[in-house]
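These notes concern the structure reproduced below.
In this text the structure is predicted, and so the values were computed from the model without any measurement. Every chain is numbered from 1 and lettered A, B, ... according to where its sequence line falls, protein lines coming before strand lines.
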Protein chains: 2
Amino acid sequence: MHNSEAMALSAALLAVAGELTQRIHDGVVDRGFEGLRPVHGFAFARLAPGGATVTDLAVHLGVTKQAASQLVDEIVRKGYAERRPHPGDARARLVVLTERGWACARAAEEAAADAVRTWGDLLGEGEVRALLAQLLRIAPNGPIRPSW
Amino acid sequence: MHNSEAMALSAALLAVAGELTQRIHDGVVDRGFEGLRPVHGFAFARLAPGGATVTDLAVHLGVTKQAASQLVDEIVRKGYAERRPHPGDARARLVVLTERGWACARAAEEAAADAVRTWGDLLGEGEVRALLAQLLRIAPNGPIRPSW
DNA sequence: CTACATGGTCAAGCAGCTTGACCATTCCCG
DNA sequence: CGGGAATGGTCAAGCTGCTTGACCATGTAG
């Protein structure tokens, strides 16, 4: 594999990732959820299972906990999440999605499915599944960096 | 393909793209090119073929031309590029890479190849080529958005 | 030649992140 | 236990990279 091929792979990967992010964001806006940015989606992904603390979010997003705290302020103010006392640790607060937050997360899933469906039209479903399998094997476990 | 699979694919794709960006950046720093951010790499990719104007860069990066102009200021000040008069249009300036700029671009290629090589170790070279082929077929032609 | 379009820069403002300081609670160990 | 260190969280100030708006120089069309 030559260097130029590696660069082509990198460029294609980044272009596809960027377009996917944009399409999910557009789809979420189209479904009536405004005032959010892609980074909020990454936060929702971490909040969805059962809530998370501000520090958890900060690690997941690769930012300081102050930045994560501001981000939580924002989604709380806009009605997508709320801070509840943390059971078992009076220092911490558990940030959980509201019903509107869940609706937004479902909208993001639908938008992602729409985008992936267009790939299925181009590649065939089998190839898309192969793509998923390959990516899962090389995906890291680290934080999802929202901006570069 | 269910919504949850689409989300898994999206998350994996974004995680891989983010890690790749990080690894290329780290590799470039390791090779002695400092004071750069990933967005500069996207700019280099557009400058490399034979130079570009500020407006070209702005479109390619999806930012205003003022922002692109500042970015050019930066890489010029750091010795990676220079502004030359544009042949055939006295309004425009052609931004071209310096020798140091070319060296940095080669370093980025090497770093990208290193990262891709680790995927080859995991997947096998054939699978990596398949990945490249699939991505090329779904990659858009639009601007590469440096930050979300 | 005039009128508008295009390439580029200057200036000011803003949003999102950082560093630094601080308080409350919990953990660990003598 | 008790008391210092570690952890979760917020407040405040500052910086950086981007935006909008204004402007000048050059090109293009009538």
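The side chain of A92(A) lies closest to dG8(D), out of dT9(C), dG8(D), dG7(C). Proximity note for V54(B) (side chain, C-beta onward) versus dG7(C), dC18(D), dT9(C): the nearest is dT9(C). If you check dT19(D), dG8(C), dG9(D) against the side chain of R83(B), the one that comes closest is dG8(C). Nearest nucleotide to the E74(B) side chain, out of dG7(C), dG17(D), dG8(D): dG17(D).
To the nearest angstrom, C1' of dC17(C) lies 17 Å from CZ of F42(A). The nearest whole Å value for the distance from the CG atom in L94(A) to the C1' atom in dG9(D) is 14 Å. Atom C1' of nucleotide dT19(C) and atom NZ of K65(A) are separated by 13 Å, given to the nearest angstrom. Per the geometry, CD belonging to Q70(A) stands 10 Å off P belonging to dC11(D), to the nearest Å. Atom CD of Q66(B) is separated from atom P of dC14(C) by 17 Å (rounded to the nearest Å). Atom-to-atom, CG of D56(B) to P of dG7(C) comes out at 8 Å; the value is rounded to the nearest Å. Per the geometry, CZ belonging to R77(B) stands 9 Å off P belonging to dG17(D), to the nearest Å. Here dA15(C) presents its C1' atom at 15 Å from CG of D73(A), a figure rounded to the nearest Å.
Looking at R23(A) and E19(A), a side-chain N of the basic residue comes within less than 4.0 Å of a carboxylate O on the acidic one, giving a salt bridge. Between R117(A) and D114(A) a salt bridge is recorded (basic side-chain N to carboxylate O distance below 4.0 Å). Taking 4.0 Å as the cut-off between side-chain N and carboxylate O, R129(B) and E5(A) count as a salt-bridged pair. Between R37(B) and E74(B), at least one side-chain N (NZ, or NE/NH1/NH2) sits under 4.0 Å from a carboxylate O, which counts as a salt bridge. Between R106(B) and E99(B) there is a salt bridge, since at least one side-chain N of the basic residue sits less than 4.0 Å from a carboxylate O of the acidic one.
Each of L71(A) and D89(B) was matched to the nucleotide of DNA chain C holding its nearest heavy atom; the match closer to the 5' end belongs to D89(B). Residue order along DNA chain C, read from the 5' end via each residue's closest nucleotide, puts A67(A) first among A67(A) and R91(A).
Here the side chain of R31(A) pairs a donor or acceptor atom with the backbone of G27(A) at under 3.5 angstrom.
Around the CZ atom of R84(A), the shell of radius 6.0 Å holds no more than 12 heavy atoms that belong to other residues, nucleotides or ligands.
Contact annotation: T55(B) side-chain N/O to dG8(C) OP1/OP2 distance is under 4.0 Å. Phosphate contact (OP1/OP2 of dG7(C), side-chain N/O of T53(B), threshold under 4.0 Å): absent.
Over its full length, the helix from dC1(C)-dG30(D) to dG30(C)-dC1(D) turns its helical axis through 30°, comparing axes from the five pairs at each end and rounding to 10°.
Heavy atoms of T64(B) sit under 4.0 angstrom from at least one base atom.
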